[in-house]
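Following: one structure in structure tokens, then a few remarks.
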Amino acid sequence: MNGDAIINKPSINMDDMIMAYKDEYILFIRQKLGIVIGHQLSEMIKTIKEACQKFHCNPEAYLNKLKECPDDSPLLEHLILGITIGETYFFRDKNQMNLLRNSILPELISHKRNNNDFTIRIWSAGCSSGEEIYTIAMILNDILSDIKDWTIHLIGTDINTKVLHKAIIGKYTEWSMRSIDQREKNKYFKKVSNHYLLIPEIKNQVYFFYLNLNSDLYPSMLNQIYSQDLILCRNVLIYFDYECIKHIMNRFHACLQPNGYLMLGASDPVSQLDLKKLYVINKNALLKCASDTDISAINQKPLKPESQIIPKTIKFETRPIKHKTILVHPIQSIDKKLNELIGNQQWQAVIDLIDNNITTDNKNEFLNTKALAYANLGKLDIALKITESYLKKYSTNQYAYLTHSLILSELNELNKSEQALRNAIFLDNQFVLGHFQLGLLLLRKKLISQGVKSLKNALNIATHEQNTKIVPGSQGITFGEFTETLKHEIDIYQSRIEDHEQIK
């Protein structure tokens with residue numbers, strides 16, 4: 001008798017078989033997604049049962065298929081959708097929203113005005129269908145009378161591509177509106193039948209990106225998840241165990257500006273995590289990233305929690321690809337130290353090392369690294385001048401154009417940023433990071449079809465390489481990992497191309 005036929009035949013005792021494999025499913029989900037099944041156990045069982053009917057297999061076969069399938073498989077997508085649906089709505093938790101409106105955001109804005117810095121970077125981690133980050137957009141539009149003079153970077157990320165589809169469209173039911181004032185409804189939505197559509201002015205301020213928080217993709221300039229003024233991750237950590245929370249909290253810290261804020265949910269399991277520069281300022285729900293001068297003054301105890309899909313962080317080569325110089329031993333030692341500092345996100349130390357330990361004759365080849373360091377510190381004007389100087393010397397270096405483009409994008413110079421990327425791709429039409437970033441930029445400009453086409457170009461290049469090969473211009477990311485990232489990002493937008501008008 002054919003073994004596959006037996007495996008693929010739905011079990012008569014479906015419920016019993018699901019319970020027999022329950023622990024194996026829980027282990028698989030923990031290892032694959034970093035998610036700990038607790039209160040979602042009933043949702044997991046229901047999802048497995050639905051999947052067995054949908055994909056015509058029994059629980060054992062479904063588990064085996066999950067272990068073997070790629071990360072963009074419908075089987076895995078179905079599982080993720082079933083266990084990660086969280087309740088969200090506009091202006092959820094009025095106390096926290098009032099704290100942001102009346103205290104945190106005004107403080108950040110005042111600090112930036114005093115420093116002549118008119119940029120705000122806010123990230124909603126685990127954004128679901130977008131209500132939270134759109135709420136922040138509404139608050140900023142309310143309290144910033146000169147918002148047109150500011151560069152606003154609002155990012156929402158989630159592991160669930162289905163809810164990201166909804167977030168991009170910006171179409172909501174009355175259930176999502178249950179905590180919003182009538183004034184906001186009238187000002188920021190258009191009522192169509194029994195749905196509410198966000199006005200373009202709000203919708204276009206937010207960019208959505210696929211991300212598994214249990215990954216190493218952040219912080220990274222490539223997806224703009226770095227140097228944040230505020231991170232919101234409310235009622236998301238409840239899905240993870242101690243080690244995952246520790247990993248995520250350390251990455252959140254690396255993503256924050258000095259004096260930046262991290263807002264958690266009241267139910268998130270956080271108490272005593274050993275993070276030296278992140279401390280509690282409002283119970284366990286609001287944390288602040290200390291500046292270097294603040295560290296010795298912190299008296300509060302550091303935090304510690306109770307209780308993939310996405311590749312490692314994409315970073316650039318620390319030296320130009322086409323203009324590498326064979327360095328004598330002292331410089332080789334410095335080059336190794338630079339890589340170590342970059343890996344630890346110690347950007348000021350990178351700048352100091354280049355300025356103080358590399359001779360004038362050798363400094364030119366490190367200008368690209370120096371520009372990235374200044375950009376990661378939020379000093380974009382300085383970074384831009386450095387890349388402009390670099391490109392005068394190395395006008396055939398595609399990686400320098402990529403760095404230049406990313407900085408221009410952060411300064412909201414999108415057309416110039418696009419041209420820099422096209423220059424990079426002209427120099428090397430197989431430049432996979434160039435095609436990837438161009439796709440993201442075009443999506444940000446709401447050129448959906450063109451953006452997806454560029455992402456597909458990057459995917460085509462990546463799939464022709466060995467999965468274990470490292471992507472040139474990155475530190476440690478493999479083509480196999482990068483391919484999975486591209487597939488997810490394409491999936492978010494692909495089904496909306498024919499419905500382009502809704503995305504505008």
Side-chain angles (χ1 to χ4, degrees), residues 39 85-111 120-144 152 154-158 167 172-189 196 198 202 205-206 213 228-240 245 248-249 252-253 255-257 259-273 275 278-290 300-301 303-306:
H39 65 280
I85 293 179
E87 182 183 40
T88 183
Y89 47 91
F90 291 101
F91 291 89
R92 183 181 184 184
D93 193 330
K94 285 286 189 178
N95 289 333
Q96 286 194 330
M97 291 301 105
N98 288 335
L99 181 64
L100 288 172
R101 181 191 292 272
N102 300 324
S103 180
I104 302 304
L105 290 175
E107 176 194 317
L108 288 172
I109 290 167
S110 176
H111 176 75
I120 296 178
R121 305 180 60 82
I122 300 175
W123 170 30
S124 172
C127 68
S128 190
S129 45
E131 288 92 332
E132 178 180 79
I133 192 65
Y134 283 135
T135 295
I136 298 301
M138 294 177 209
I139 293 175
L140 288 174
N141 278 266
D142 281 346
I143 66 178
L144 269 176
I152 309 294
L154 303 179
I155 298 175
T157 67
D158 205 279
Y172 299 94
T173 64
E174 193 70 52
W175 186 245
S176 293
M177 314 294 290
R178 62 188 183 275
S179 188
I180 193 170
D181 293 339
Q182 190 62 44
R183 186 188 71 85
E184 275 92 6
K185 280 186 182 181
N186 296 338
K187 185 176 181 180
Y188 296 120
F189 293 87
Y196 292 85
L198 271 167
I202 295 297
Q205 287 180 351
V206 182
L213 291 176
Q228 300 293 321
D229 297 302
L230 170 65
I231 299 173
L232 298 115
C233 186
R234 301 190 300 159
N235 304 310
V236 174
L237 297 181
I238 56 175
Y239 288 104
F240 301 98
I245 295 173
I248 292 168
M249 292 291 283
F252 281 166
H253 169 251
C255 290
L256 282 170
Q257 283 266 34
N259 296 311
Y261 289 93
L262 168 62
M263 178 169 278
L264 304 175
S267 60
D268 284 317
V270 177
S271 61
Q272 296 292 313
L273 182 63
L275 294 174
L278 200 60
Y279 59 99
V280 175
I281 63 172
N282 184 272
K283 298 183 179 179
N284 277 346
L286 186 65
L287 294 76
K288 189 173 184 180
C289 183
Q300 293 91 334
K301 291 183 179 180
L303 302 172
K304 189 174 184 179
E306 303 283 5

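We use all heavy atoms of the structure for the numbers below, so side chains are in, but hydrogens, waters and symmetry mates are not. Numbers for residues simply follow the sequence, beginning at 1.
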Self-check item: Sequence-distant partners of Ser129, side-chain hydrogen bond (donor to acceptor under 3.5 Å, both in side chains), two or more places apart
Solution: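 Checked Ser129 against side-chain hydrogen bond (donor to acceptor under 3.5 Å, both in side chains); matches are Glu131.
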* For Asn141, all residues meeting side-chain hydrogen bond (donor to acceptor under 3.5 Å, both in side chains), sequence neighbours excluded ->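 Testing Asn141 for side-chain hydrogen bond (donor to acceptor under 3.5 Å, both in side chains), a comparison that skips the adjacent residues, returns Gln205.
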Close side-chain approach of [X] to [Y], heavy-atom, < 4.5 Å:
X: Ile180; Y: Tyr89; value: no
X: Leu105; Y: Leu230; value: yes
X: Ile231; Y: Cys255; value: yes
X: Met249; Y: Leu237; value: yes
X: Ile133; Y: Ile155; value: no
X: Cys233; Y: Leu213; value: yes
X: Leu108; Y: Gln257; value: no

The test is side chain to side chain contact (heavy atoms under 4.5 Å, CB included); show your working for Leu198 and Met138 and say whether it passes. CA-CA 10 Å; Leu198 271 167; Met138 294 177 209; 3.8 Å; yes
task: Give the C-alpha distance, both sets of side-chain angles, the deciding distance and a yes or no for side chain to side chain contact (heavy atoms under 4.5 Å, CB included) between Thr135 and Leu100.
output: CA-CA 11 Å; Thr135 295; Leu100 288 172; over 6 Å; no
* Is a donor on one side and an acceptor on the other found under 3.5 Å between the side chain of Gln96 and the backbone of Gly265? ->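 Pair absent, no side-chain N/O of Gln96 close to backbone of Gly265.
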Practice task
Determine yes or no for a side-chain-to-main-chain donor-acceptor pair under 3.5 angstrom, with Asp229 supplying the side chain and Arg121 the backbone.
Solution key: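 Yes, the answer is positive, given that a donor and an acceptor are paired below the 3.5 Å cut-off.
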### Message
Between Tyr188 and Tyr134, does the ring pair (Phe, Tyr, Trp, His ring centres under 6.0 Å) criterion hold? Intermediate values first, please.
### Response
CA-CA 10 Å; Tyr188 296 120; Tyr134 283 135; over 10 Å; no
Exercise for review: Examine Arg178 relative to Trp175 and say whether NZ or CZ is less than 6.0 Å from the centre of the six-membered ring and inside a 45° cone about the ring axis.
Suggested key: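 Pair Arg178/Trp175 counts as cation-pi.
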- Query: Given the rule in the ring pair (Phe, Tyr, Trp, His ring centres under 6.0 Å) test, do Tyr196 and Phe90 qualify, once you have shown the distances and angles that lead to the verdict?
  - Reply: CA-CA 12 Å; Tyr196 292 85; Phe90 291 101; 9.1 Å; no
